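Down below is the structure, laid out as structure tokens.
Predicted model, so just to flag it, every value in this text is computed and none were measured. In this chain, numbering begins with 1 at the start of the sequence shown. FYI, side chains are in, hydrogens and waters are out, and symmetry mates aren't considered; it's all heavy atoms of this structure. Atoms within a ligand are numbered from 1 in the order they appear, just like the ligands themselves.
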Amino acid sequence: MQGGIPLEGRVRISGAKNATLAIMAACILGQGETILENLPEINDVEVMMGICRDLGGEAVWLEPGTVWLRVPDTIGCKTPYQLAKKLRASNLLLGPLIGRFGWAEVALPGGDNIGNRPMDLHIKGLSGLGAALKVEHGYISGGIVNGAKRLHGGKIYLDFPSVGATENIMMAASMARGRTIVENCAKEPEIVDLANFLNAMGARIRGAGTDLIRIDGVRELGGVRYSVIPDRIEAGTYMIAAAATRGRVVVENVIPTHLQAVTAKLREIGVIIEERDDQVYVDGRGEFRPVDIKTLPYPGFPTDLQSQILVLLTTVGGTSLIVENLFENRLRVVDELKRMGAQIKIEGRTAVIDGVETLSSAQVKATDLRAGAALIIAGLMASGETEVACVRYVDRGYERIEKKMTLLGAKVRREESNG
Ligand code: UD1
């Protein structure tokens, strides 16, 4: 890509990757047909559809953004390593498989590039509902014990508000006998979207979006038609890209309240942001100031936008600090940014960024999905031509990123050999 061109125009945000993956997993709980709308056309969704088919279900695209799914009364309960390794979120099949069929065997994708991702909270939660699980030979497997047909409700306190653990417990508890209370649960908008979807299927979930969720189990869940929320991380990425290139962009199809921490930090930096009904206008032409940022569970600043805002701060005069509290390897992108002239020191989980005048172009390599997006932003800021390798990571979570960037005036093209 050719850097130095301010992004200008309008960009439309796709459906939320993380809500979609959880909701697709939840389809396992439903009898009948489900139609999901506003889905992003990204690789992770294709892989989840592949897993659904491999288990014995059906999943097809009806039209762009719309998928039809059906899971019959008997399916396989084992997700093979070949598929699970491509998708970290395959661990979300655990709760629904045990909830409806009483048993699950899910290959553990292992730690990925953003760091060690343990499953202890998922196991603790499902055990609290009457499942016995073991981790052996790279699989996490188990199910309902003592000859019971259904899981039972329980009171579960999460030591950390894990998104995935909250989702797995919510899905499993939806079909359990009795009431489940989850304390200190995650509050992300994707949790609320999953709860709304489950409730549309017939579940009885209250409190999603707060730190206490109550689930009254039901015997059966049905198929529905449901439209997924917009992707706040994709939206935040374009907001940051607009600011970083000192451009002016209208980001469309967003829920501005989902982006409050990001909007607040961008304003602190000096970016002008106007929130409209389902749009956000970003103007990055003013004076920028350094800031300190800590990643936190929602409503704090999202770890999934940390690499992107770090890139923006590399050219903001003065010293900024970023503390990454969720995934330790997310600061790996710094090594690539240094190759582009950024001045950043890493001390443990903290990045100390000394703003430079401009970044310079280089050949760099994406190390994970969000790092890939961040490096594309860096390339758009830098003088000269930048090449980002391993963009396949970016395709996992961003729909047609080069097309959307091109519509905003960026000079960017994909080379097939790039992977
Ligand atoms: C989800 C998102 C991911 C996002 C992350 C945090 C999906 C598909 N992915 O990932 O994009 O970056 O939330 O917002 O929705 N932890 C434990 N034990 C566990 C589970 C998690 O210690 O059993 C720790 C993790 O190591 C991490 C923290 O909890 O430090 C947050 O992880 P979690 O919220 O579970 O993230 P994911 O659901 O994997």
Side-chain angles (χ1 to χ4, degrees), residues 15-26 39-40 42-45 47-48 51 84 86-95 106 108-128 133 135 140 156-172 182 184-195 197 211 228-229 231-234 236-237 258-259 261-262 294-309 323-331 333 349 368-374 393-394 396-398:
K17 168 179 91 74
N18 289 346
T20 298
L21 295 174
I23 286 172
M24 288 177 82
L39 298 198
I42 53 174
N43 281 358
D44 273 10
V45 170
V47 177
M48 197 56 129
I51 292 178
K86 292 189 191 160
L87 181 68
R88 171 72 212 180
S90 52
N91 63 13
L92 294 176
L93 297 164
L94 216 51
V106 177
L108 284 173
D112 64 10
N113 291 344
I114 63 172
N116 179 30
R117 296 176 95 167
M119 291 286 293
D120 55 316
L121 299 170
H122 299 246
I123 294 174
K124 178 181 170 184
L126 295 172
S127 307
L133 291 158
V135 180
I140 177 162
I156 295 149
Y157 175 85
L158 292 178
D159 301 307
F160 185 89
S162 154
V163 173
T166 304
E167 291 172 341
N168 255 330
I169 297 166
M170 244 165 53
M171 292 188 277
V182 198
N184 197 33
C185 56
K187 298 185 277 200
E188 270 69 0
E190 292 75 19
I191 302 277
V192 179
D193 209 33
L194 174 63
F197 173 72
D211 53 16
V228 171
I229 53 168
D231 197 310
R232 64 194 167 98
I233 305 300
E234 190 196 16
T237 301
H258 290 173
L259 284 148
V262 182
K294 279 186 196 144
T295 62
L296 288 169
Y298 190 84
F301 192 91
T303 175
D304 285 348
L305 287 170
Q306 183 265 102
S307 308
Q308 298 88 317
I309 204 150
V323 183
E324 172 54 58
N325 286 312
L326 280 95
F327 295 116
E328 62 278 11
N329 292 353
R330 278 256 156 99
L331 292 174
V333 70
R349 286 176 170 266
D368 68 66
L369 164 61
R370 306 304 170 186
Y393 284 120
V394 181
R396 277 193 40 217
Y398 290 89

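- For D304, a nitrogen or oxygen atom sits less than 3.5 Å from a nitrogen or oxygen atom of ligand 1, counting backbone and side chain alike.
- Counting the atoms of ligand 1 from 1 in the order shown, those under 4.0 Å from a heavy atom of V163 are 1 (C), 13 (O), 33 (P), 34 (O), 35 (O), 38 (O).
- At least one N or O atom of D120, backbone or side chain, sits closer than 3.5 Å to an N or O atom of ligand 1.
- Each of E324, R370, R330 was evaluated against Q306; a single residue qualifies, E324, per the side chain to side chain donor-acceptor pair (under 3.5 Å) test.
- By the criterion of a heavy-atom distance under 4.0 Å, both the backbone and the side chain of H122 are placed next to ligand 1.
- Contact annotation: the side chain of N184 never approaches that of F160 to less than 4.5 Å [non-hydrogen atoms, C-beta and beyond].
- Residue K124 places its NZ atom among more than 12 non-hydrogen atoms of other residues, nucleotides or ligands, all under 6.0 Å distant.
- Looking at ligand 1, you'll find an N or O of S162 within less than 3.5 Å of one of its N or O atoms.
- With ligand atoms numbered from 1 in the order given, ligand 1 contributes 23 (O) to contacts under 4.0 Å with heavy atoms of M119.
- Of the N or O atoms in P118, one or more lie within a sub-3.5 Å distance of an N or O in ligand 1.
- Contact annotation: for T303 versus ligand 1, heavy atoms closer than 4.0 Å belong to the side chain alone.
- Looking at residues two or more places apart in sequence or on another chain, you find no salt bridge (charged side-chain N to carboxylate O under 4.0 Å, His left out) involving E188.
- Remark: ligand 1 atoms within the under-4.0 Å shell around heavy atoms of F160 are 28 (C), 29 (O), 31 (C).
- Below 3.5 Å of separation, one finds an N or O of N18 facing an N or O of ligand 1.
- Between P161 and ligand 1, no pair of N/O atoms sits closer than 3.5 Å.
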### Message
Applying salt bridge (Lys or Arg N to Asp or Glu O under 4.0 Å) to D44 and K17, what does each step give before you reach the verdict?
### Response
CA-CA 8 Å; D44 273 10; K17 168 179 91 74; 3.8 Å; yes
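- If you look at F327 next to ligand 1, the close heavy atoms, those under 4.0 Å, all belong to the side chain.
- The pair D368-R396 does not count as a salt bridge, with every side-chain nitrogen at least 4.0 angstrom from each carboxylate oxygen.
- An N or O contact shorter than 3.5 Å links G164 to ligand 1 by distance.
- A 4.5 Å side-chain heavy-atom check between P297 and P161 finds at least one atom pair inside the cut-off.
- Note on ligand 1: E190 sits outside its first shell, no heavy atom being nearer than 4.0 Å.
- Between L121 and ligand 1, at least one N/O pair is under 3.5 Å apart.
- Considering both main-chain and side-chain atoms, A165 never comes within under 3.5 Å of ligand 1 through any nitrogen or oxygen pair.
- Side-chain atoms of D231 and T237, non-hydrogen and from C-beta on, never get closer than 4.5 Å to each other.
- In this view, N43 and D395 satisfy the side-chain contact (heavy atoms from CB on, under 4.5 Å) rule, not counting sequence neighbours.
- Atom CG in L331 sits 9.0 Å away from atom CZ in R349 (nearest 0.5 Å).
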